[in-house]
Amino acid sequence: MSNVLTELCKNIVLAGIGSLTLMEDAPSVSTVMNTSFLIPVEQIESDKSFLTECAESLKDFNPMVHVTVEKGSLEEKPDDFLNNFDVVVVGRSLLKYRMHVNSLCRKRGPKIAFLSVDCRGPLGEIFIDLQTHTYVLKAKENVPHSLQNLVYCSLEEAIAARWDRLPKKTTKLFYAMRIMEDFEQSNSRLPGQVTLDDLASVLDTRKRLCESQGMPETLVPDKLLHRLLYAEAREHPPVCAILGGILGQELLKVLSGKGEPLKNFFFFDPMDGKGITEEIPRPDDTPIIMQSAEIEI
Amino acid sequence: MATPEELAVIEKAKVLMVGAGGIGCELLKTLALTGFKDIHLIDLDTIEVSNLNRQFLFRKQHVGQSKAKVARDAVLKFKPDIKIEAHHANVKNSDFDVEFFKQFNVVLNGLDNVDARRHVNRLCLAAGVPLVESGSTGYLGQVTVHVKDQTECYECQTKELPKTYPVCTITNTPSKPVHCIVWAKDLLFARLFGDRNQSSDLIVHTNDRTSSAATADTDFFNIKDGETPESYACRVFDGVFGDNIEVALRNEETWKSRKRPRPLYICEVYSDAKKPRIDGSCNSPDGNDKHTASAARILGLSNPQEVWTVRDSANVFLKALELLLNTRQKDIGSLVFDKDDQLAMEFVTAAANLRSSCFDIPMQSLFEAKGIAGNIVHAIATTNAIISGLIVLEAIKLLMGNLDDCRTTYCLEYPRRKMLLMPAELSAPKSSCYVCSQSTLLLEVNTTMTRLREVVEKIVRGQLSVNSPMISQGPCLIYETGDDLEEDMVTQYNQNLEKFLDSLPAPIVDGSILSIEDFQQEFTCHLQIKHREIFDEEKEPDNMVLSGKLSTTRDQALPGSVQLTAVADNVSIHAVDDDDEVILIDEVAKQDLKRKVLDEESVIVCGKRQRTEVS
C-alpha cells in the first residue's frame, strides 16, 4: 500500500464511496511504510497485517464506508471476482500485471473502470480506461445539460501506440516511463528496484526503443531518466498528495457519471510544475475517444 | 523523496502554518511526511461536525476542541519525533508580532478569509519572511509565493471584498435567491428572535410614507396576550408575505421596469387543504438539541437536497416557528442566526422560499440555502490535498533559495491546453501597491456629514483591514487604539469618533491627507480626502468610495482580463465581465489571459520580475 494509494484511499473514503477493498497483490519494492499517515507508530509492530491496520484506520475517517482487506492474489480468485467492483485501481506494478488486470476488467463487460497510478520520486503518471463511459456535462449559459459518450482504449492499445505518430509536444515523461517499464521487465526487476548504477543500461534501453519506434534518442533527455533512477523506490510525499487528489477526483467522476473524466493519461513533474493530460490513441491512429451523439436531457 | 540537499534544509527549517482547517490538515500531514521537523500552527477555530468530511485529522469525539491542538496530536501519532507547536489563537493577536514571525524560514497560509490573509501578508513583509499563499473553492485552487521586494505581495492585486447588498434590494426589490436568504436571516429571523430594540428594515412603507404595512406597528412581531403559536405564525406570515408586498406594490416608480411581485396569504396556500397540525408539542424527542430538532423531518421532508414547494415551505415556516417559540423561549430576544442550528436554517430556508415565490425567483433546497446563508462554496477534499502538495513543493524551493523556480500554480477543474495544473510566473511588486510600496489612496466622502467612526469602521478596519489603527493628519493624532493609552486620550478619541470629519480638532476637508498606521502590521498608508456631496444609494451604499492608483476595481478593469477576487472568503479566479458567479477557468480561457502563463516555447515576458540579489 504505497503512499500515493494511501492518499487516494483517504480521499475516496472521506468522500463516502460505498465500499473499498484493499489487496496486496502486485509485488514491487516500496519504501519502508513507517511513514504511513494511517498508522500510529506504536502499532507498527502489532500482529495485524499492514493492510488490515490501514483498513481500520480508513474506516475511522468515515464509518459509513465499508473497508475490507482481501487476502491472497488475483490469480487465486474465481473468474468472476472482479464483477463485484465498479472500479479497480492498480498501483506500482509490472506493465505485464497491469495489462493483465486491465484485460480482466474488459472481459467482464463494460462496467469495470480501470485506473493505474505510479509515483517515482517526484514524477507521477496516471492512466485511465473507462471502456465506454456516459456522463452528464453540466449545463452552462445557453447550453443545457447534455449526455456525452466516451470510448477509451485499453492499456495494451495505448502502450502499443507508435511514438512517431504521437503529437510532437507529447510529454517526455510518457516515453521515459515506457523505457523504465521495458528495462525493469527485461532485467527481471521488481518495479522500483533500480538505482543510478543502472543508468548505462537504461540508456541502452532508450536507444533500442527509440530506434524501434522511429524516434531520435533526444526524445527522452538523460536528465529525466537520471531522476527516475535516482528516485529508486521512493515516493515524494507532496507529489503523492497531488496525484492522490487528481486520481480521487477522477474516480469520483467515474462513479457519479458527472463531469468529463481524464483522457487518458495524466503526468506531473514538479520541475515544470505542469499537471498534463495526454490522449494516447490506438496504434492505428483512430481517435480512441469518440464523442458520439450529444443527447439533450 | 527529497534530495539530500533538500532534506538537510527541510529538517532544519522552522515553518509557520496559519490555519488548521481543510488545507491545514492536508498540509500538516504532507509537511510531516516530507521530513519537516519544526512546525508552528495557529488556528482560532474549534472543530465542527461539518468539518469531518474532509479535515481528516479530526473525529467525531473531537467536536468542540481546538483544531490546531487536535491536528497536532493526530500527526504526532504517526510522526512522534517532530516538533509541532499548536496555538489555539487568532493570528491577529498581538503575541504574533514581527519578532514572532522573524523566527520562521517560511510562512504557509491555509486560511479562508481575505482579512486574515492581509494581516499575515503585512507581518511577513515586515519580518522579511517569504509567504506561500493558497486558496481553494470547490474544484478550483491556487498556490502562489510572496517574497518581499522580489515579487508581488498578497495585496498588490486588489481583492474584491465579500459582497454586501444595498438595503433597498433586500427590503424591496430582491432579484436573486441570495437576496431572499439575506432578508430571511438578517431581517426576519433577527426581528422575530433577536434583539427587538434594534431598528429594522423589515417594515415597508410607501415612498411618500402615506401608508405603511401592518408590520409597521412596533408591536406587530411581538406575540399578543392569549395568542396561540398558530395564530401568531399565521399573522406573521400574512404580514411579511402579504401585507408588506401589497404596500410595496403601491410604489409605482419601483416597479416601472421591474417585474411586480405577488403577495401571498395563508388562505391562498391552504385554500384546499389543512394546515400542518400545530399542537404545541414538539414531537421530536431531541427537541431541545439545536443541532437535531427539525420541523422538516416532522413534516416528512427528509431530503435536504430536495427543493420544497410553496406549500412545503409554508408548512415548514409555520412548524419551525412554532418549535422555535416552544423550545427556545429563553433565547428569544437574543438568538443569533447560526447556519448549523437546524431549526433556524429550516425557518430561514422556508421564509426565503416564500419570499422568492412572491418575486418569481427560483426556490432553493435546504442544502443550497445553507451554502448561501453561510457564504459557502462546498469544499472538496481532493482539491485541498492537491493544494497541500503544491504548497510544500513551493516551500522547498524557497528554502533552497531557488526563487527563480517558484511559481503561481492554478488547479483547474477541467484541463485547459492539456493542463489540469497550470503554472505561471510570479510578478514583480507593483509600485502602486499601498502595502508593499507605499503609495497614496483616494477617499471620496462627504466631509460635512460623515462621522469619523464611519470612516474608521468601513474604510480603515473594513476595506484596508487595519487591525489597530493610528490615524493622524500631519502632526495631529486624530485616533488610535491600544491598551496603554491614557484615559483623557481615550475620551478625546471617543469624542472624535462621533464628530463630523470637518469638525474634528484637526479638520478633515477636501484635500486633506491622512496617515493610517498599524504598528503590529508595520503598515503605513496615506489617504487623500476628496469631498463629494452625492453618492449613488445602490452602487455606493457606504456613501464613501476608496480608490487607488492601481485601478483594478471590477468596474474599471478591461473585460476579458482575469483577476484574483475573493468570493465566499476564498480566493478564486473569475472573468471580470461576468456578473456574480465564479465561472470555471475553461470559460475564462476563451478570453485573453492577462496573467503570464508558462509555455514550453514562448514565455510571455511582460513586467517580468527583476532578478535582484536576495539580501
Side-chain angles (χ1 to χ4, degrees), chain A residues 3 7 10-16 31 34-43 60-63 121-122 138 140-141 169 171 230-252 259-260 262-263 266 268 270-279, chain B residues 1-3 26-27 29-35 52-57 59-60 74-81 139 380-397 405 407 409 411-415 417-424 583-584 586-587 598 600-601:
Chain A
N3 197 335
E7 287 278 347
K10 158 187 55 86
N11 292 334
I12 61 183
V13 168
L14 284 174
T31 45
N34 64 2
T35 53
S36 172
F37 63 87
L38 288 183
I39 304 186
V41 156
E42 66 254 11
Q43 271 169 250
D60 225 15
F61 288 167
N62 187 346
K138 255 193 297 203
K140 289 182 203 176
E141 243 184 74
K169 294 244 213 85
T171 184
Y230 179 78
E232 296 184 14
R234 294 176 299 234
E235 300 168 281
H236 196 23
V239 177
C240 293
I242 292 168
L243 292 174
I246 301 272
L247 191 54
Q249 257 158 224
E250 293 306 313
L251 200 149
L252 295 173
E260 187 179 271
L262 221 72
K263 304 184 295 194
F266 174 84
F268 181 72
M271 202 69 107
D272 60 22
K274 293 184 194 173
I276 298 187
T277 61
E278 291 285 1
E279 200 177 303
Chain B
M1 81 316 146
T3 62
E26 292 286 341
L27 182 55
K29 171 261 301 167
T30 306
L31 285 172
L33 290 179
T34 306
L52 300 179
N53 74 336
R54 66 198 178 286
Q55 297 170 27
F56 73 98
L57 298 176
R59 300 281 175 275
K60 207 155 175 203
V75 171
L76 287 177
K77 282 223 178 80
F78 65 87
K79 272 289 194 181
D81 54 350
Y139 289 104
I380 294 175
T382 49
T383 313
N384 288 337
I386 295 167
I387 295 298
S388 79
L390 293 171
I391 293 172
V392 174
L393 290 175
E394 293 302 316
I396 296 175
K397 292 178 205 171
D405 293 339
R407 306 271 179 267
T409 308
C411 176
L412 311 176
E413 185 175 2
Y414 296 106
R417 287 163 49 182
K418 297 201 317 179
M419 288 184 277
L420 272 180
L421 298 175
M422 195 165 78
I583 62 170
L584 298 179
D586 266 311
E587 293 167 26
L598 281 185
E600 272 179 307
E601 291 175 325

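None of the values given here were measured: they were computed from a predicted structure. Convention: sequence-line order gives letters A, B, ...; per-chain numbering from 1.
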**Report entry** For A:Leu14 against B:Arg54, the heavy-atom pair lying closest together
**Finding:** CD1-O, 3.8 Å
Query raised in the report: What's the spacing between A:Phe61 CZ and B:Asn53 CG if we round to 0.5 Å?
Result: 13.0 Å
Query - A:Ile242: which of B:Thr382, B:Ile387, B:Ile386 passes side-chain contact (heavy atoms from CB on, under 4.5 Å) - result: B:Ile386
Report summary line: Looking only at heavy atoms, the pair that brings B:Thr3 and A:Tyr230 closest together is CA-OH, 3.9 Å
Query raised in the report: If you round to the nearest 0.5 Å, how far is CZ of B:Phe78 from CG of A:Leu38?
Result: 9.0 Å
Report task. Sort B:Lys418 into side chain, backbone, both or neither according to what part of it lies under 4.5 angstrom from a heavy atom of chain A. Result -> both
**Report entry** Region of A:Ile12 that comes under 4.5 Å of a non-hydrogen atom in chain B
**Finding:** neither
Query raised in the report: Using a cut-off of under 4.5 Å for heavy-atom pairs, which of A:Gly248, A:Gly259, A:Pro63, A:Pro270 has the most such pairs with chain B?
Result: A:Gly259
Report task. Working to the nearest 0.5 Å, report the span between CD1 of A:Ile246 and CG of B:Leu421. Result -> 4.5 Å
Query raised in the report: Atom CD in B:Glu26, atom CG in A:Asn11: separation rounded to 0.5 Å?
Result: 6.0 Å
Query raised in the report: Under a 4.5 Å heavy-atom cut-off, does chain A meet the side chain of B:Leu52, its backbone, both or neither?
Result: backbone
Under 3.5 Å, side-chain donor or acceptor atoms of residues 388-395 of chain B against the rest of the protein: list the pairs with distances, not counting sequence neighbours.
| from | atom 1 | to | atom 2 | distance (Å) |
| --- | --- | --- | --- | --- |
| B:Ser388 | OG | B:Thr30 | OG1 | 3.2 |
| B:Ser388 | OG | B:Ala385 | O | 2.8 |
| B:Glu394 | OE1 | B:Arg407 | N | 3.0 |
| B:Glu394 | OE2 | B:Lys397 | NZ | 2.8 |

Report summary line: A:Glu232 meets the salt bridge (charged side-chain N to carboxylate O under 4.0 Å, His left out) criterion, sequence neighbours left out, with none
Query raised in the report: Given side chains that start at C-beta, do those of A:Lys274 and B:Arg417 come closer than 4.5 Å, heavy atoms only?
Result: no
Requested in this report: Please examine the side chains of A:His236 and B:Thr34, heavy atoms only from C-beta on, and report whether any two atoms are closer than 4.5 Å.
Outcome: yes
